[in-house]
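Convention: sequence-line order gives letters A, B, ...; per-chain numbering from 1.
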Amino acid sequence: MALVFAVGLLASVPAEGQQTRAEELAAQQAEKAQHLTPYQPPPVERHIQRAERLLVDPPPVYPYIGSIMPGGLLALGPGYRQRLAATALFDVHGGWSLRNYKLVETSLTVPAVSGRINLRGEARVIDAPGVSFFGLGSDSRELDRSHFGFRTMTAGASVRVRPLAVVAAGGQLQYMSVTTTSGDVPEPLGAAAPGLAADPDYLVSGLFAEVDWRDAPGYSRKGGLYRAEWTRHAQRGDGPYSFDRFDGEVSQLVPLLRANWVLALRGLASVTRTDPGKAVPFFLMPELGGSRVLRGYAPWRFRDEHRMLLSGEYRWTAGQFVDMALFLDAGKVVARRRDLDFDGLKTSYGIGVRFHTPVSTPLRIELARTGDGLALVFGFGPSF
Amino acid sequence: MGPSLLMLVRCGLVLLMVLLLEPVGSGAGPRFYEDDPISVVPDTQDASRIRPWEINLAAEMTMSLFMSPGDPTPDVKAMNVNTVDEVPDSSWFTNRLGRRPISVEEMRRGPDTTTGPAAGAWTVVASKNNGVTPGFTIRDTAGQVWFLKFEARGYRGMATGTEVAVTKLLWALGYFVPENYIASLDPARLAIGDQAKITTAGGTSRPMRQDDIQTMLGRVDRERDGSYRVIASRALPKVGEFLFHGTHPEDPNDVVPHEHRRELRGYGVFAAWLNHVDAKGKNTLDALISEKGRGFVRHYLQDFGSALGSASVAPREHWEGSEFVVEPRRVWREMLGFGFVIPAWRTAPFYEAPAIGRLLKDNSSFDPEAWRPRVPNAAFTRARLDDKFWAARRLMFMTDDLLRAAIDTGRFDAPDAEAFLVRALAERRDAIVRTYMTGINPVVDPALSPTGDLTFANAAMDAGVAPAPARYRVSWAAFDNATGAATALAESAPGAPPLAAPVALPTRPGSHVRVAISAEHETHAAWSRPVYAYFRRLPTGAWKWVGFERLPVPEPVPTS
């Protein structure tokens, strides 16, 4: 390469032995003809080629990196996936987290009708020996943090149908077996936590419908998501922990000045319903806290039978792949539905940076001020 | 020390050697040969053994964004210009506009040698696996292979019209471009060839099926009669693509680093003019041309669907043309600005129409220096004022009639949008000419009569972008063609051309003189930097113009 470069550099300076410019240029070409070499990609290109091969034709065995459930921190483990019949995907992976949470999960995803219908069968075992519990209600205290053991085995299937580009609906049917242990939950808190140390088995069924006209669920600067979901947890053997849960979410992104600013608003409500004599087990109650709902509070910080959350963000774009945001979350969990009002809301606010692609948000870092103090939040997806 | 670093050191040593040798001309031979200035650089070596090679797009973008590939030496003069600072014809470039008049009919025809794919059944022979525009490859009844690309749904005319119009304009400017035609595809005439394969989303390759065609056609714009408007690009004997830096290690005729080729540096000016933000190596093509029993590589520019207001599958984003896709310093500034560091493109008015996409509405104040492709281009970033002057001077000859003819070939079928495009291109052309003609000494076409009368033109004045300077200053020197030494003779009285030599000039055939020409202009201080023109006395007594330097290296000031 240096030789080639030198030859080029000398193009304007006559060399000895030639009588004309044409002869001189021909001599340079003849000289290079003696030293032709195949193209050798530089190291960075070789690395990129390797990465591309992994993306385009991923090996069946892969490292699983992810989160088992909120509060479990990062989990690592082996994975295996196999494409079947060109479009279907079989996957099985396991993970072990920094908090000693364990996961084994397998799934078969079958898209059909050009991706408009998505069928998924899955089975999962989660063992989380130290899930945080602070007591029920919005008045629970951070210093009351305790931990319980939570283990589930789930198997079932779901379908998602997308008749229009922005409209989707679907349902699920699963068998779920839950085992809990008291851990270090103190007696007063445990007594008020329905289902602690219970081992219910459920038949879980559910339906959802949504209109989503954001650019992409993983990243968008405009559009909205309007979603409603109903889930029925029917305990086998007519146990005391059967319940229905309804979730509604509305989020709207308002771009201003060609998306120099984006006002992002979200309202989220979850309510549960039980028949007389039944109760919602505390470990399946709607919750607040973590990296998406009432950011900055610890995961599972607030639990109760109902919840509401309002979020607002002022986002500004700082580049094609970087957004910033000032955010404010306010929400509460309550035992009675009629208490879902604007009194006594818990709030968190702060500033964040998001690194994104046109369709995803691989990393979100937020500094949040909450009633419990200052917290640094890492998220691996959009806030909403 | 890694191989890259070693190479850098070796390049630096070679450069140092050249710089040290050049001023003294130590036995390197004459500065000007008998055949200077050459007008053609032929490819003398057989390149037929070159192996197919394709640029890795991700690697090209990564290196362009973060590694500044190519020669790190700043302010290097273009290396493929002849001795009068012009680009000779070669396998890279053919002098057209500016060298000779281009008629409206020629502009409409451009590089085309046919009327497009032959009528009758077309056979699909391959799917299209790169780029964002849906498409595939067909063979027509004449056996000719064509690449077909479609319109994005709802944007009839945008991608195909832009591609064709820009093809014509770049052809007129001198570049090799493929033959691109707007054609109509009738799905009923389409058959799938036995060898046609498609790569699925999962990365596996399988024979193409009818439903693959239907799926693709379902995503693109359809005409009312059920046909599809397509761009048909005539297949070339492709052996690869070229990067905008370095040389091809297997092409013996490729001896000038691409970042130091003037036509590639000047392409940056044309890309700014055309808002061709996707001017990258991946959008080029090297074709192996066989002639007289040997092969040489011809270098094409292609894929112009992301130019003007089009981004091929959607209108151009507002920011494109104003920023690189990654600009860390800008990101920091805007992160800390809480949304109140607002770039101009956020508030600038844009013209938008489905047929042409989205383009800045007012181009009269277009600043070509502020224009940016999506990712930095090694040749564009190394362009000096003399390279940009060269490009702007070609644009001077791009008349409104030629613009109208080129845009008309795009068949946008939207009169208002077409008129806007013509106006926008004219305004951007004028802005470019205004910027680069006045930013450097614009003396051109010097001539010396046998009796010593010097004439020359002023390109900025000819373009109507600057009034005449107050006066010109001309210094004469005898020039030793063997050693490169100049011996001052005298200065002409300041004035306007023709300017007579104040002393008798050498009469011996083969003797050379160097004339330094500068101008005093009240608003264009850059004109005071002299250009050097070199003349050789011919046996007939006439002076032949043999050399020109628009940005000569300033001579050291003698110290006492």
Chain B interface, residue from [options] that has the most non-hydrogen pairs under 4.5 Å:
| options | value |
| --- | --- |
| A/I351, A/L326, A/L257, A/N260 | A/N260 |
| A/P38, A/A22, A/A259, A/A26 | A/P38 |
| A/V322, A/V44, A/T20 | A/T20 |

Min side-chain heavy-atom separation [X]-[Y] under 4.5 Å:
| X | Y | result |
| --- | --- | --- |
| A/F321 | B/V325 | yes |
| A/R162 | A/I117 | no |
| A/Q49 | A/R53 | yes |
| A/D91 | A/Y62 | yes |
| A/R120 | A/V159 | no |
| B/H318 | B/P343 | no |
| B/Y534 | B/F32 | yes |

So which residue, [options], ends up with the most heavy-atom pairs under 4.5 Å with chain A?
| options | answer |
| --- | --- |
| B/A47, B/A59, B/P69, B/G240 | B/A59 |
| B/R346, B/R206, B/Q45, B/E250 | B/R346 |
| B/T83, B/V341, B/T347, B/N56 | B/N56 |
| B/F338, B/W345, B/W53, B/W332 | B/F338 |
| B/D43, B/D251, B/V326, B/T215 | B/D251 |
| B/L336, B/I38, B/D36 | B/D36 |

Kindly write out the residues that satisfy side chain to side chain donor-acceptor pair (under 3.5 Å) with A/R81, not counting sequence neighbours, or none if the list is empty.
none

Measuring heavy-atom distances to chain B, does [X] have an atom under 4.5 Å in its side chain, in its backbone, in both, or in neither?
| X | value |
| --- | --- |
| A/T317 | both |
| A/L55 | neither |
| A/Q40 | neither |
| A/Y39 | both |
| A/L89 | neither |

Under 4.5 Å from any heavy atom of chain A - which part of [X]:
| X | answer |
| --- | --- |
| B/W319 | side chain |
| B/F350 | both |
| B/N253 | both |
| B/M63 | side chain |

So is B/R372 actually on top of B/F324's ring, under 6.0 Å and inside 45° of the axis?
yes

Run the salt bridge (Lys or Arg N to Asp or Glu O under 4.0 Å) test against B/R330 and tell me which residues pass, sequence neighbours left out.
B/E323, B/E327

For A/D323, run the salt bridge (Lys or Arg N to Asp or Glu O under 4.0 Å) check against A/R315, A/R354, A/R221 and tell me which one passes.
A/R221

